[in-house]
Amino acid sequence: MNKIITGMALCLTIVFFTSCGNNNFPTTGTVNYLTADDGTITMRAIGEGYKKIDAVANAELNAFNTILFRGMPESQLKQPLIETNETAIKNSHPQYFESFYNQKRYKSFLMSSVVTGDYQKIPNNKISVTIDIKINVNALRYDLEQSGVIRKFGY
């Protein structure tokens, strides 16, 4: 039974990554902390893509992945929102992360996303862009708790 579940999880992961085709955004990028207000964080993120819209989306995803799985030094989010193995948590909650990434549910936690520089051509016919992004961290944390991805603070 355990082998069947493991096999199905592996197949789902393979199908997920191969079905993205050209829309599969690269995972390279840089994210830097700018400011934080009550319940929000503003970061500067760099993204790459073959089209301008893909580069912006990649920068936004880089920012979300940083606060979810890596944390942001010099901010109130020194520790990531999800303090566990990224692959394991994505495999244990595939519906949540399918909705979050592929159905662009992450955009519901965006307060602003502003391109701050010129689009630049980089090798392999890609475009690079820098954006300032403001994320409603309180709403994101609450959503993760309600979906069972993380435990409520203090429980």
Side-chain angles (χ1 to χ4, degrees), residues 5-50 53-116 122 126 128-155:
I5 293 172
T6 304
M8 288 177 61
L10 180 62
C11 288
L12 273 171
T13 303
I14 291 170
V15 168
F16 171 75
F17 285 113
T18 58
S19 67
C20 293
N22 286 340
N23 291 331
N24 188 14
F25 303 120
T27 57
T28 60
T30 304
V31 180
N32 294 303
Y33 169 74
L34 293 178
T35 63
D37 295 321
D38 190 34
T40 66
I41 188 168
T42 304
M43 299 172 284
R44 181 161 288 162
I46 298 172
E48 300 174 358
Y50 292 102
I53 194 167
D54 293 342
V56 170
N58 178 254
E60 292 170 351
L61 290 173
N62 285 333
F64 275 100
N65 283 331
T66 298
I67 63 172
L68 286 174
F69 300 109
R70 287 157 196 81
M72 181 58 58
E74 300 178 13
S75 76
Q76 78 265 24
L77 291 172
K78 289 176 179 53
Q79 299 297 317
L81 290 175
I82 302 173
E83 294 189 48
T84 188
N85 181 301
E86 181 176 350
T87 304
I89 198 75
K90 285 181 179 179
N91 287 337
S92 63
H93 299 280
Q95 290 176 329
Y96 181 85
F97 288 102
E98 163 70 22
S99 169
F100 190 81
Y101 291 113
N102 293 342
Q103 296 173 14
K104 300 184 191 289
R105 192 160 175 275
Y106 69 90
K107 288 191 177 273
S108 65
F109 306 106
L110 278 177
M111 296 180 74
S112 66
S113 177
V114 180
V115 175
T116 59
I122 58 174
K126 290 184 182 179
S128 176
V129 66
T130 302
I131 66 168
D132 284 355
I133 180 171
K134 187 172 187 177
I135 297 173
N136 185 338
V137 177
N138 283 349
L140 178 57
R141 180 180 286 121
Y142 182 76
D143 187 65
L144 291 165
E145 290 171 355
Q146 293 301 307
S147 300
V149 178
I150 61 173
R151 293 184 337 190
K152 292 183 180 180
F153 181 73
Y155 294 99

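Residue E83 places its CD atom among more than 12 non-hydrogen atoms of other residues, nucleotides or ligands, all under 6.0 Å distant.
Residues A59 and A45 approach most closely at O-CB, 3.4 Å, considering heavy atoms. Shown here for H93 and G148, the closest heavy-atom pair between the two residues is CE1-O, 3.2 Å. K126 and Y50 make their closest contact through CE-OH, 3.5 Å (heavy atoms, listed as atom of the first residue, atom of the second, distance).
Put simply, the side chain of K78 gets close to the backbone of S75: a donor and an acceptor are under 3.5 Å apart. Although no hydrogens or angles enter the test, the distance criterion places no donor-acceptor pair under 3.5 Å between the side chain of T130 and the main chain of T116. At least one donor-acceptor pair closer than 3.5 Å links the side chain of N62 to the backbone N or O of I46. In terms of modelled atom types and a separation under 3.5 Å, the side chain of R141 and the main chain of L81 share no donor-acceptor contact.
Side-chain N/O atoms of D54 and N58 include no donor and acceptor closer than 3.5 Å. In summary, the side chains of Y106 and N65 do not present any donor paired with an acceptor at a separation below 3.5 Å, with no hydrogens or angles considered.
Side chains of D143 and Y96 form a contact here, defined as non-hydrogen atoms less than 4.5 Å apart. Between D132 and R44 the shortest side-chain heavy-atom distance falls below 4.5 Å. K134 is listed as a side-chain neighbour of D37, based on a closest heavy-atom distance under 4.5 Å. For the pair R70 and V31, the minimum side-chain heavy-atom distance is 4.5 Å or more. At a threshold of 4.5 Å between non-hydrogen side-chain atoms, the residues Q146 and K152 count as touching.
Using a 30° and 60° split on the angle between ring planes, F64 and F100 fall in the perpendicular class, above 60°.
Residue Y33 holds its OH atom at 8.5 Å from CD of E74, rounded to the nearest 0.5 Å. Expressed to the nearest 0.5 Å, how far CD of E145 lies from CD1 of I150 amounts to 5.0 Å. Atom CG of N32 and atom CE of M72 lie 7.0 Å apart (nearest 0.5 Å). A distance of 10.5 Å separates OG in S147 from CD in Q95, rounded to the nearest 0.5 Å.
Of the residues L144, N136, N138, the one that meets the side-chain contact (heavy atoms from CB on, under 4.5 Å) test with L140 is L144.
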